[in-house]
Number of protein chains: 2
Amino acid sequence: MLVGMTVIRTARERARAEVRREILDAARRQLTAEGAEALSLRAVARELGMVSSALYRYFASRDELLTALIIEAYDELGERAERAAAATADQPAGLRWVAVARAVRAWAVDHPRRYALLYGTPVVGYAAPQSTVVPGTRVQIALAGIVLTAHRSGAIDAGRLGAGEPPVGSAVAADLARLRAALAQAAPDLLTAAGPSDVLLRATLLGWTQLFGLIGFELFGQLRGLVEDGEAFLVESAATMAARAGLQTGPLPPGR
Amino acid sequence: MLVGMTVIRTARERARAEVRREILDAARRQLTAEGAEALSLRAVARELGMVSSALYRYFASRDELLTALIIEAYDELGERAERAAAATADQPAGLRWVAVARAVRAWAVDHPRRYALLYGTPVVGYAAPQSTVVPGTRVQIALAGIVLTAHRSGAIDAGRLGAGEPPVGSAVAADLARLRAALAQAAPDLLTAAGPSDVLLRATLLGWTQLFGLIGFELFGQLRGLVEDGEAFLVESAATMAARAGLQTGPLPPGR
DNA sequence: TCTGGTGGGAGAGCAGTGCTCTTGAATGAG
DNA sequence: CTCATTCAAGAGCACTGCTCTCCCACCAGA
């Protein structure tokens, strides 16, 4: 008997899919409200009016439930980032970069516990399975796509990019080669023959870590009492990093 | 009967202090080995050959034990950073900045679980008490001290600092005023009449978030398969951020 | 329509957790 | 020497993830 792999056939399977969704919904609610380590299978079961052991028919373990929530969150955040990039496709790259950065922060501020699950301390004894890797890179790919698009269309301000910065060392050059290969796989049409320079790739990587570092600092309380308007600070920081990568923020390089 | 506040008087108090230290040692071992959320009062008690309820004579709760571990870790890391800054006091500011960054990363890599306790996801239901605030800023103060010292001695390369970056907005300027006040309290002798400019302070803040963002990315597995030599990448990143802040890496501005 | 296999809920139970309360013993001050 | 204080020990509460057994409902093939 041949059947389509994802086709729901029987009423039983329909019910199963629905219960699975309800479990995920309840788990997401608890994760949002109390944080990952307070996510309890028993509490989820209680909320759904079933007994805890019944949950194990749907998720083999708490870790598997966590994995589902992680992938879901990565995809939600990744989609926000991609939408922000797409919505600004006709704008200068610097503004696009800032738009994506704002979108990422907005999601993080809206869902701090879920963001922490993705970019905070890894849950002990939990090894992120392979299935989380691809969704986990969507934001970075979206940001890199902006840089690559700008580079492809010759919009990178070479005079500004990496001005006064140290040269790229050999160890880092090897890392950047790996990054170039990963980008070639994710967005092959954006890679030109000349390819993005090492300095540009390094600036992109610095932009990532800066963005996530700043969001983490804000969310985890490291900037308490210092930065009042997190949004404004992030916009300026992202714009600064974009400028340092040679991304233009206006139709013409301003102040020239 | 007047006694010094921290003087250990009786044998009882001596024993008490010793048991307290042993508890902390065992707890630190478990934290290092298994991570914060796996830190169990009962396991600590078991390791010390006592019963769990006895621990409550020394720490009112698990949170209080965690607080002690947090302060201890902040101080250990802060001391490393300060030592790195002191050991390079006669070097150009850019090299000093990199030295402190390396010291912070080295400690983080040596004690990933403890680093996660400080800069990772906050433990749910745990509000960092006031006593952690001061130790929690030692690294940032050390880094800022390097910048302020350079500024004070006129070693900031004004032509390089903030070149091509967006101007400081009003919201961020307010944040930087708070930062300036905090620095004035922490290192009053380093503030000149002219004071560090907003652009310099902003670059310093960006340096912090970049540093901790990068370390977090490396430690929490976000760079797996990409960056091989974390140390080399961090050194270059820190040097780049230092250069962007106008800190010099050699006796003379190179490449001029 | 009957029947046998399967999917899945219910419950008990295991080993662990933080924390509280009571009990009994050691200690040190007056 | 007395007696209040200090502290360890143990039982117990309410919770956790997870396993195992039991049993019922469904659903397909005969």
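These numbers come from a predicted model, not from an experiment. Protein chains get the first letters and strands the later ones, always in sequence-line order, with residue 1 at the start of each.
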Could you check how far [atom1] of [X] sits from [atom2] of [N], rounded to whole Å?
X: I23(A); N: dG8(C); atom1: CD1; atom2: P; result: 11 Å
X: E37(B); N: dG16(C); atom1: CD; atom2: C1'; result: 15 Å
X: R14(B); N: dG28(C); atom1: CZ; atom2: P; result: 11 Å
X: E18(B); N: dC7(D); atom1: CD; atom2: C1'; result: 16 Å
X: M50(B); N: dT6(D); atom1: CE; atom2: C1'; result: 14 Å
X: R46(A); N: dA14(D); atom1: CZ; atom2: P; result: 13 Å
X: L48(A); N: dA10(C); atom1: CG; atom2: P; result: 11 Å
X: L41(A); N: dC15(D); atom1: CG; atom2: P; result: 16 Å

> Are Y119(B) and F220(A) close enough that their ring centers fall under 6.0 Å?
Replying inline: no
> With nearest nucleotides of DNA chain C determined for R57(B) and L55(A) from heavy-atom distances, which residue corresponds to the more 5′ nucleotide?
Replying inline: L55(A)
> For T209(B) and Q210(A), does a side-chain donor sit closer than 3.5 Å to a side-chain acceptor?
Replying inline: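 Looking only at side-chain atoms, Q210(A) and T209(B) do form a donor-acceptor pair, the distance falling under 3.5 Å.
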Presence of [X] side-chain N/O under 4.0 Å of [N] phosphate oxygens OP1/OP2:
X: S53(A); N: dG11(C); answer: no
X: R42(B); N: dG10(D); answer: no
X: S52(B); N: dG18(C); answer: no

>> Distance criterion of 3.5 Å, no angle test: do you see the side chain of R16(A) paired donor-to-acceptor with the base of dG7(C)?
In response: no
>> Taking any heavy-atom pair under 4.0 Å as a contact, classify R62(B): base, sugar-phosphate, or nothing.
In response: sugar-phosphate
>> Nearest heavy atom decides the nucleotide; on that basis, is L39(A) or V19(B) closer to the 5' end of DNA chain D?
In response: V19(B)
> Out of E76(B), E72(B), E22(B), E34(B), which one pairs with R28(B) under the salt bridge (Lys or Arg N to Asp or Glu O under 4.0 Å) rule?
Replying inline: E72(B)
If you check the [X] side chain, which of [options] turns out closest?
X: Y56(A); options: dA8(D), dG17(D), dC19(C); result: dG17(D)
X: Y58(A); options: dC18(D), dG9(C), dT19(D); result: dG9(C)
X: V51(B); options: dT16(D), dC18(D), dA9(D); result: dA9(D)

>> Please check if the number of heavy atoms outside R180(B) that lie under 6.0 Å from its CZ is greater than 12.
In response: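 Buried by this count: over 12 neighbours within 6.0 Å.
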> Is E79(A) paired with R83(A) through a side-chain N to carboxylate O contact shorter than 4.0 Å?
Replying inline: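 Judged by the 4.0 Å cut-off on N to carboxylate O distance, R83(A) and E79(A) do form a salt bridge.
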